[in-house]
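Model, not experiment: these values are computed from the prediction. Numbered from 1 within each chain, the chains take letters A, B, ... in sequence-line order.
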Protein chains: 2
Amino acid sequence: MKKITILDIAKELGITFSTVARALNDHPAISAKTKIAVRETAERLNYRQNKIASSLRSGKSNVIGVLVPSLQVTFFSLVVYGIEQVMNANGYNILLYQSNEKLEQEKNGIETFLQSRVDGIIASISTETTEIAHYQEIITRKTPLLFFDRIPTQLNVPSVTIDDYKGGFIATEHLIKQGYKRILHITDEQDISIFKERLRGYMDALLHYNLKIDENLIIRGNFSLAFGKQVIQEAKASGLNFDAVFALEDFTAMGVMQQLLEYKVNIPEEVGVIGFANESFGSLVTPNLSTIDQQALTMGREVAKLFLKQIKDDSLEDHPEQIVLDPILIVRNSSNKKG
Amino acid sequence: MKKITILDIAKELGITFSTVARALNDHPAISAKTKIAVRETAERLNYRQNKIASSLRSGKSNVIGVLVPSLQVTFFSLVVYGIEQVMNANGYNILLYQSNEKLEQEKNGIETFLQSRVDGIIASISTETTEIAHYQEIITRKTPLLFFDRIPTQLNVPSVTIDDYKGGFIATEHLIKQGYKRILHITDEQDISIFKERLRGYMDALLHYNLKIDENLIIRGNFSLAFGKQVIQEAKASGLNFDAVFALEDFTAMGVMQQLLEYKVNIPEEVGVIGFANESFGSLVTPNLSTIDQQALTMGREVAKLFLKQIKDDSLEDHPEQIVLDPILIVRNSSNKKG
DNA sequence: TTGAAAGCGCTAACAC
DNA sequence: GTGTTAGCGCTTTCAA
């Protein structure tokens, strides 16, 4: 089957291919009659624009690169869901790349995006990412760049995040208001800004309510379910005194709950538990897990909208807008001592 | 900043741009010395290949379109995760499109893929999709097309699915072997092939183990958690006699469990429960939910591998390979009467 | 082993 | 309102 180009349509109608091109692009200078004839012929010949040729010539691909750590994480797949919906409705397509939390793959992704001449890049960095030269490169090439959730602190670019500090604060505040006094916090041992912020919120909430910060109650590790269990086991072994746990993630909180239940500790009467992320299982487990919602879907839509705003008005580039969404406290049974 | 092309590299070195192109593509006829010089210069000038130009000329984009109903559904995001991983490792990139279960958007997605001259399309159809003209068009244009999970029955193309019939059979068989005799099955009232298959598996398992099919035990509705609850409420109201439930989805099964627990019915002693899909919450709820795993990740990887196989050997196109994955029975507490 | 030259299908400046 | 023309940056055939 021969490939149909605008030249074929032009020959059919005895006009030139540039007229055809203009007609198809709804150029104002073309007569209605010609437009109709061209469209009818295009339809009949089963013509389909070649976006590659169009992109090469015009310098616009209408594709934006979206880089995420992993679609296995519900949060990221929801953000991508939101981004794709909005961008798609605005004539953009999504080139997807996963870093799998590897710096090397993240660099490859950026490289691919650059070679593919995407019209913009929306990214959330991997946990491994410390150097940011590959992002600097994007800026140098004047390709619009936005971050969401996990952002490199050294860069002054538009972003959408949630206020992790506030999330940490309201989670801790909630526990305090429920009457808990010795609140254990599990955080990540790596220097990841979102986790550091949650920790900072935790500490400020304690101070704000005149509780003192006890370094023994700050446990550094990772956010796996297994680590949550381990923390409780070790706390028991060492005789650590605590009456609530604020875990950096729901999975960690889940491990905490499982181990507490195994030790026949009553939740929330003896120990209160709150997680972070509002994973879908939280409302289904027993007891239900209190948590902080991160507004994944909103974040996806907002970052897409911010992108569209950015390219419409690039005078904004000197003052990159940094949207910070409010985390939402979700109180369920695991921390609801007062009922 | 001026854009660097192979012409710039050529000028730097006093050779022609076609030699540069060959050097960069590791053409065998180019001397090692030239290759090294070219690469060094490319690096120094910060050259980056323009994939758009390359695609236009070569007719290959190294992009494949992936069309899914919605990334909000964990199953699909896991499949995409698997596809992206494998394709990425093989030099392909993913153009992502969501149909949101709408036929119109599905058509738009296919149209975009065709215009973008993707090297292949991997799709899972929307629940609305009945006509398939838009897929016929892909085949006509000789663009490789593969389906996974939800496939149009009228088309003879490569696909990867799981055996839903077998899933229904082994779920039911498991309940029977645990000693349950009056097994209630919740299915969808719409004619969706995967659900019909699960129902067929359920019925055949009953027959195979000499239990008779009782139409009163087959409840038609939807797979929401709320419907699961409703079924148990109505069963109680009508005095329906049953000792196990096989629900078409985990969320439905969850509703069933919640309502049973509310009625103080012991799970699994009095009533056994099994779901379908292996949602992440299944292992975290109390009691743990038995289920059928759909191998989402494997499905993604397999469909990607099948795609690669297909394009390597297009003689296969006359006998499209249709891979059917085995569902996996996951026994947890909710159905484990015998321990 | 390298160079010359054509052209992929389109957009857009300029001409009439 | 439509035609002419020149590329976008690369791959690839043919020639030397």
Query raised in the report: Could you write nucleotides 9-16 of chain D as a row of B, S and -, 5' to 3', where a protein heavy atom under 4.0 Å of any base atom gives B, of only sugar-phosphate atoms gives S, and otherwise -?
Result: BBBBB---
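Within a 6.0 Å radius of CD in Gln154(A), other residues, nucleotides and ligands contribute more than 12 heavy atoms.
The shortest heavy-atom contact between Leu56(B) and Ile52(A) is N-CG2, 3.6 Å.
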Requested in this report: Apply the test side chain to side chain donor-acceptor pair (under 3.5 Å) to residues Thr127(A) and Glu101(A): give CA-CA distance (whole Å), side-chain angles for both, the deciding distance (0.1 Å), then the verdict.
Outcome: CA-CA 6 Å; Thr127(A) 48; Glu101(A) 303 285 11; 3.3 Å; yes
Requested in this report: Verify salt bridge (charged side-chain N to carboxylate O under 4.0 Å, His left out) between Glu106(B) and Lys102(B), making sure each step is shown before the conclusion.
Outcome: CA-CA 6 Å; Glu106(B) 182 171 304; Lys102(B) 299 268 179 282; over 6 Å; no
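Bracketed by its first and final contacts, the part of DNA chain C lying under 4.0 Å from non-hydrogen atoms of chain B reaches from dT1(C) to dG9(C) in 5' to 3' order.
Contact of the Phe76(B) side chain with the Pro69(B) side chain is registered, since non-hydrogen atoms from C-beta on lie closer than 4.5 Å.
A side-chain donor-acceptor contact under 3.5 Å links Asn46(A) and Glu137(B).
The closest donor-acceptor contact from the side chain of Ser70(A) to the backbone of Gln72(A) lies under 3.5 Å. In this structure, the side chain of Ser124(B) does not engage the main chain of Val68(B) through any donor-acceptor pair within 3.5 Å.
Distance, Leu13(A) CG to dG1(D) C1': 15 Å, rounded to whole Å.
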